[in-house]
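Working notes for the structure below.
Chain A is the first sequence line, chain B the second, and so forth, proteins listed ahead of strands; every chain is numbered from 1. Please read all numbers here as calculations on a predicted model, not as lab measurements.
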Amino acid sequence: MPNEFTRRVRDVIRSIPRGKVASYGQVAASAGDSRQARQVAWILHSSSEKAGLPWHRVVGSRGKISLVPSRGGREQRRLLESEGVRFDRSGTIDLGKYGWNPAGIKISVLARLDLDKLTED
DNA sequence: CCTATGACAGACA
DNA sequence: GTGTCTGCCATAG
């Protein structure tokens, strides 16, 4: 049975809108533990947990697909492109355009707030 | 118990 | 821009 964190991760991923992407770390943070980016990856890696999820909307923090092309990467890119997400020549997604921003906070503001440092204490 | 492994991320050269 | 290193932590063996 999935634990609490796993359930939350699934909820978060389910709430990523079509045509948007979120990073593993972002999903982990939204699920309550910003240190669990790798666990998010693990959850998606185990196929049983990702059933029914828009798993393709989760990418690396730099806007690149983390999967090796031959092991799902091509499929992920195809799914994203079918939702209107564009890739540049080097296979990178413009997170400014397609990055999911649940709070609707302006990117420039986010950068200046430096949320990690604020929540560290 | 101990080591290896990741669909990670940030820092740095 | 790229490549390397380090911290991270649940799972697997």
Quick one: does any side-chain atom of A/Thr92 pair with a main-chain N or O of A/Asp88 as donor and acceptor, under 3.5 Å?
no

Quiz item: Does any non-hydrogen side-chain atom of A/Arg38 lie less than 4.5 Å from one of A/Tyr24?
Solution: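 They are not in contact (no side-chain heavy atoms under 4.5 Å apart), so the answer is no.
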
Side-chain touch A/Leu80/A/Tyr98, heavy atoms, less than 4.5 angstrom: no

Symbol by symbol from the 5' end, with Watson-Crick or G-U pairs under 3.5 Å, [ ] crossing and | another strand, DNA chain B is .|||||.||||||

May I ask you to verify if any side-chain N or O of [X] is less than 4.0 angstrom from the OP1 or OP2 atom of [N]?
{"X": "A/His45", "N": "B/dG6", "result": "no"}
{"X": "A/Ser23", "N": "B/dA9", "result": "yes"}
{"X": "A/Gln36", "N": "C/dA10", "result": "yes"}

- Run the numbers on A/Leu44 and A/Ile13 for side-chain contact (heavy atoms from CB on, under 4.5 Å), then give the verdict. CA-CA 10 Å; A/Leu44 294 183; A/Ile13 294 177; 3.9 Å; yes

[atom1] of [X] versus [atom2] of [N]: gap in Å, rounded?
{"X": "A/Ile43", "N": "B/dT5", "atom1": "CD1", "atom2": "C1'", "result": "16 Å"}
{"X": "A/Asn3", "N": "C/dA10", "atom1": "CG", "atom2": "P", "result": "10 Å"}
{"X": "A/Trp42", "N": "B/dA4", "atom1": "CH2", "atom2": "C1'", "result": "11 Å"}
{"X": "A/Leu95", "N": "B/dA9", "atom1": "CG", "atom2": "C1'", "result": "13 Å"}
{"X": "A/Gln39", "N": "C/dA10", "atom1": "CD", "atom2": "P", "result": "7 Å"}

What N/O pairs connect the protein and nucleotides 6-8 of chain C at under 3.5 Å? Give each pair on its own line.
residue: C/dG7; atom: O6; partner: A/Arg38; partner atom: NH1; Å: 3.4
residue: C/dC8; atom: O2; partner: A/Arg38; partner atom: NH1; Å: 3.4
residue: C/dC8; atom: N3; partner: A/Arg38; partner atom: NH1; Å: 3.3

Query - With A/Asp11 via side-chain contact (heavy atoms from CB on, under 4.5 Å) - residues at least two apart - result: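 Result, side-chain contact (heavy atoms from CB on, under 4.5 Å) vs A/Asp11: A/Arg14.
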
Here the pair of heavy atoms bringing A/Lys97 nearest to A/Lys20 is O-NZ, 2.9 Å

### Task
With salt bridge (charged side-chain N to carboxylate O under 4.0 Å, His left out) as the test, would you mind laying out the steps for A/Glu75 and A/Arg78 before giving the verdict?
CA-CA 5 Å; A/Glu75 172 74 350; A/Arg78 190 184 65 72; 3.3 Å; yes

message: Could you check whether A/Arg77 makes a cation-pi contact with A/Phe87, meaning its NZ or CZ is under 6.0 Å from the centre of the six-membered ring and within 45° of the ring axis?
response: yes

For A/Trp100, ring pair (Phe, Tyr, Trp, His ring centres under 6.0 Å) partners two or more places apart: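 Ring pair (Phe, Tyr, Trp, His ring centres under 6.0 Å) list for A/Trp100, sorted by chain: empty.
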
Out of B/dC8, C/dT11, B/dA7, minimum distance to the side chain of A/Leu44 belongs to B/dA7

Practice task
Just grab all the salt bridge (charged side-chain N to carboxylate O under 4.0 Å, His left out) pairs involving residues 53-64 of chain A, residues at least two apart or on different chains.
Solution key: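 Residue pairs with at least one partner in residues 53-64 of chain A: A/Arg57-A/Glu83.
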
Please list residues of residues 61-73 of chain A whose heavy atoms come under 4.0 Å from any atom in DNA chain B, ordered by number; otherwise none.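 Heavy-atom contacts with DNA chain B come from A/Ser61, A/Arg62, A/Ser66, A/Leu67, A/Arg71.
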
**Item:** Check against side-chain contact (heavy atoms from CB on, under 4.5 Å), A/Val58 and A/Gln26
**Value:** CA-CA 9 Å; A/Val58 185; A/Gln26 185 183 357; over 6 Å; no

